[in-house]
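As the structure is a prediction and not an experimental result, all values here were calculated from the model. Counting starts at 1 for both ligands and their atoms, in listed order.
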Amino acid sequence: MKKYKVAILSGDGIGPEIMKEAIKVLKTIEMISGVTFELEEADFGANAYFKLGHSFPEKTKYICINSDAILKGPVGLSYEETKKIPIEHQPERGAILPLRNFLNTYANIRPVYLSKYLSEFSPLKNEIIQDGIDFIIVRELLGGLYFGEKTLGINENGKRYVKETLEYDEDQIKQILIVAFKIAMKRKKVLHHIHKSNVLKSSVLWNEIIEELAEQYPEVEIKYQLVDSTATFLCLNPSMFDVMVMENMFGDILSDQGGGILGSLGLMPSACLGDKVSYYEPSHGSAPDIAGQNIANPYSMIGSVAMMLEYSFGMVKESRSIWDAIQKVLIDGFCTQDLFNLNENTTLVSTDVFGDKVVSILLDNK
Ligand code: IPM
Ligand code: MN
C-alpha cells in the first residue's frame with residue numbers, strides 16, 4: 001500500500017483554520033483511495049519567528065526536505081505585528097523566498113479556473129466569459145528581480161540610490177519553459193510566452209530559447225504576447241489564453257490579475273514545483289483581520305491538496321474529484337463570506353461547513 005509523507009506548514013492568520021479543512025479532505029482521500037498520508041506539522045512564518053526566533057527554522061527545513069510533498073498555508077501578520085519582526089526575518093524575505101530557494105521550486109503553476117456555472121463570481125461580463133474561465137499561468141519562481149543582486153545606498157552624487165538586477169541564465173529559462181511545454185502538450189497545445197522584448201534584453205533571450213526548444217515540441221503552437229497588452233486581453237478576452245509562461249515578476253503581477261478575473265484570489269490554489277520536494281499553497285494571503293472567526297474561505301487551500309495529488313503523487317482521478325467537489329459546493333449555492341456578496345442566490349457557510357460539504361460530495365461520488 002502506498003504511503004506518502006506530507007509536511008504541514010499551517011502558517012499565520014487564517015492558515016491553521018483553512019489547513020484544518022484541507023487535512024479533512026486529505027483524510028477523506030486516504031479513506032477512498034487506500035493511499036496513506038503521514039502528516040508532520042512544522043513551524044513557518046511570523047508565528048514561527050515569535051515562538052522560535054526564526055520564520056523558517058532549521059527543524060522545518062529538515063521536515064520539508066524529508067517529506068514527499070508540502071502543504072503550506074499563507075503566512076504574514078498585520079502591518080503592525082510585522083513591523084515588530086526584523087526585516088530579514090519577515091515572512092516574505094525570511095521564510096517564503098528562502099523556502100523556494102531551499103527546495104529549488106523554480107516552477108509556479110497557477111490555474112485560473114472557474115466553471116461556467118460560477119461565472120457570476122467573475123467581474124467580467126457573461127458575453128466575455130461564455131464557457132467559464134480556464135487557463136494556467138506558469139511562472140518562473142527563482143530568478144529575475146526577486147533574486148538578483150540588490151544595492152541600496154548613496155551614489156557618488158550623494159543621492160539615495162537603489163539598484164536591483166534582473167538575471168537569468170539559459171538553463172534557468174529552459175527548465176521553466178520545458179515545464180510549460182509539457183503542460184501545454186496535455187492541454188490545447190497552445191503556449192503563450194508573455195514578454196517585453198521591445199524593451200528588455202531578458203525577454204529577447206527568453207524568446208530566443210523558446211524558439212530553440214520549440215523544435216522539440218512541434219505540436220505546440222507558440223504565441224508571443226507583450227506583458228502590458230496581456231493585462232488588457234486578460235480582461236477583454238481571457239479565453240484566448242490556455243497556457244501562459246513568463247518570468248517571475250510578470251507572473252507575480254498577472255497571476256493576481258487572474259485572481260481578480262475569477263472574482264477572488266480565494267479561488268486560486270497553486271503549486272511550486274522543483275527537482276526536490278514540491279510545495280502547494282493558496283495564492284492568497286493570511287488575512288489576519290478575519291483569523292480565528294471560522295469565516296475564511298478554504299477553497300484554495302483544499303484546491304492545493306488537489307494540485308498536490310496530481311503533481312506530486314500522480315493521483316489524477318482523486319485530484320479531479322476534489323476540484324469537482326469544491327466547485328460543486330459553490331454551484332450548489334454555498335459560499336463563505338468573501339464570495340457571498342458576489343452572488344445573490346447563495347447560502348453563507350463557515351470555513352468548517354464548507355470543508356464538510358466538500359467531504360460529503362467526495363464520499364457520495366466515490
Ligand atoms: C506570491 C506572493 C509572493 C511573491 C510574496 C509573498 C513573496 O505574492 O506568491 O505571489 O511575490 O512571490
Ligand atoms: Mn503575488
Looking only at protein heavy atoms, what sits closest to atom 11 (O) of ligand 1 is Tyr146 OH, 2.5 Å
Within 45° of the axis and under 6.0 Å from the centre of the six-membered ring of Phe241, does NZ or CZ of Arg187 qualify?
no
Can you list the ligand 1 atoms lying under 4.0 Å from a non-hydrogen atom of Ile96?
6 (C)
Under 4.0 Å from ligand 1, counting heavy atoms only, is it the side chain of His284, its backbone, both or neither?
neither
Asp252 N/O/S atom closer than 2.8 Å to the Mn ion (ligand 2)
yes
Leu330 CG to Leu114 CG distance, which is reported to the nearest 0.5 Å:
8.5 Å
Please check whether Arg110 reaches ligand 1 - meaning an N/O of the residue sits under 3.5 Å from an N/O of the ligand, judged on distance alone.
yes
Does at least one non-hydrogen atom of Arg139 fall below 4.0 angstrom from an atom of ligand 1?
yes
Considering Glu92, Gln90, Met249, which one's heavy-atom position lies nearest to atom 5 (C) of ligand 1?
Glu92
Could you tell me if Glu164 and Tyr146 have a donor-acceptor pair between their side chains, going purely by distance under 3.5 Å?
no
Will you find, in the side chains of Thr60 and Asp43, an N or O donor that is under 3.5 Å from an N or O acceptor?
no
Would you check, one step at a time, whether the test side-chain hydrogen bond (donor to acceptor under 3.5 Å, both in side chains) holds for Glu140 with Tyr168?
CA-CA 10 Å; Glu140 200 289 326; Tyr168 276 108; 2.9 Å; yes
Give the C-alpha distance, both sets of side-chain angles, the deciding distance and a yes or no for side-chain hydrogen bond (donor to acceptor under 3.5 Å, both in side chains) between Arg100 and Thr105.
CA-CA 5 Å; Arg100 290 175 184 170; Thr105 50; 5.5 Å; no
Heavy-atom nearest option to atom 2 (C) of ligand 1, drawn from Asn108, Leu265, Asp252, Asp256
Asp252
Counting heavy atoms only, which of Met268, Arg93, Arg100 comes nearest to atom 12 (O) of ligand 1?
Arg100
Go through it in stages, so that I can follow the logic: the residues are Tyr280 and Ser312, the test is side-chain hydrogen bond (donor to acceptor under 3.5 Å, both in side chains), and I'd like the CA-CA distance, side-chain angles, deciding distance and then a yes or no.
CA-CA 10 Å; Tyr280 301 85; Ser312 281; 2.7 Å; yes
